[in-house]
Asker: 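I'd like to ask some things about the structure below.
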Amino acid sequence: MTDTPPRLAELEKRRREVRELLGNIGEMRPGSLVGRYRKCGKPGCHCARPSEPGHGPSWSLTRRVEGKTVTKVIPPGPGVERTRAQIDECRRFRRLARELIEISEQLCDAALRRAEDPEEQKGGSRRFSRPRSRPKSRR
């Protein structure tokens, strides 16, 4: 299975596109955003009713750092939506980076195949050069 020039051209074009998209990445942060509800424990509070979810949501961003889970509290309001957008941008970055690696790997494999294919290698002329005689000694 050899890659045809149009296939290689498509891969190179997509690689340029992905590189451009990566250059336009905005603010990003890894992790998961979770909204939590809690019950305060006061018997007269609205959260004590069975149908109520409780107080909240209180938002927290969790992620792994060196094998440990780190949690950061995100204040309610516009910060929550901004954090969601940053997480989405991080996921987009990772997806594009994976795609760029896959495309590069395919292009590298195609280059190796071309280098191994004797028909693709550039060679000299088919004429053989005549052996030259040894230079005469000037003694």
Asker: Consider only side-chain heavy atoms of I, L, V, M, F, W and Y, link residues closer than 4.5 Å, and tell whether Leu22 and Leu11 are in one cluster.
Answerer: yes
Asker: What heavy-atom pair brings Ser60 and Arg36 nearest, and what distance separates the two atoms?
Answerer: OG-NH1, 3.5 Å
Asker: Which pairs pass side-chain hydrogen bond (donor to acceptor under 3.5 Å, both in side chains) with one or both residues in residues 70-82, sequence neighbours excluded?
Answerer: Glu27-Arg82, Glu81-Arg84
Asker: Please identify each residue that fulfils side chain to side chain contact (heavy atoms under 4.5 Å, CB included) with Val65, with sequence neighbours left out.
Answerer: Arg63, Val70
Asker: Do the side chains of Leu107 and Leu21 join up, straight or via other hydrophobic residues, at under 4.5 Å, putting them in one cluster?
Answerer: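 Yes, Leu107 and Leu21 fall within the same hydrophobic cluster.
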Asker: Tell me, please, which residues at least two apart from Arg14 pass side chain to side chain donor-acceptor pair (under 3.5 Å).
Answerer: Glu17, Glu99
Asker: Working note: Arg15 + Ser104, criterion side-chain hydrogen bond (donor to acceptor under 3.5 Å, both in side chains); need CA distance, chi angles, decisive distance, verdict.
Answerer: CA-CA 7 Å; Arg15 180 174 58 180; Ser104 292; 4.7 Å; no
Asker: Got a second to check how far Leu100's CG is from Arg19's CZ, nearest 0.5 Å?
Answerer: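 Here the rounded value is 6.0 Å.
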Asker: Once side chain to side chain contact (heavy atoms under 4.5 Å, CB included) is applied, do any residues pair with Pro57, and if so which ones, sequence neighbours excluded?
Answerer: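 Partners of Pro57 under the side chain to side chain contact (heavy atoms under 4.5 Å, CB included) test: Tyr37, Trp59.
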Asker: Is there a path from Ile101 to Val18 through hydrophobic residues (I, L, V, M, F, W, Y) whose side chains come within less than 4.5 Å of each other?
Answerer: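 No.
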Asker: Kindly say whether Glu52 contributes a backbone atom to a donor-acceptor pair with the side chain of Arg49 at under 3.5 angstrom?
Answerer: no
Asker: May I ask you to test the Leu61-Val34 pair for a side-chain heavy-atom distance under 4.5 Å?
Answerer: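 No; the side chains remain at least 4.5 Å from each other.
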Asker: Would you please name every residue forming a side chain to side chain contact (heavy atoms under 4.5 Å, CB included) with Glu89, sequence neighbours left out?
Answerer: Ile25, Met28, Arg92
Asker: For a quick test of reading the model, state the closest non-hydrogen atom pair linking Ala48 to Pro43 and the distance between them.
Answerer: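 Smallest interatomic distance, heavy atoms only, reads CB-O, 3.6 Å.
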Asker: Residues two or more places apart in sequence or in another chain: which of them pass side chain to side chain contact (heavy atoms under 4.5 Å, CB included) with Cys40?
Answerer: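 Testing Cys40 for side chain to side chain contact (heavy atoms under 4.5 Å, CB included), a comparison that skips the adjacent residues, returns Arg38, Lys42, Cys45, Cys47, His55.
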Asker: What's the shortest heavy-atom distance between Thr83 and Gly79, and which atoms?
Answerer: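 So the two residues come closest at OG1-O, 2.7 Å.
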Asker: Measuring only between side-chain heavy atoms, which start at C-beta, is Arg114 closer than 4.5 Å to Leu8?
Answerer: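 In contact.
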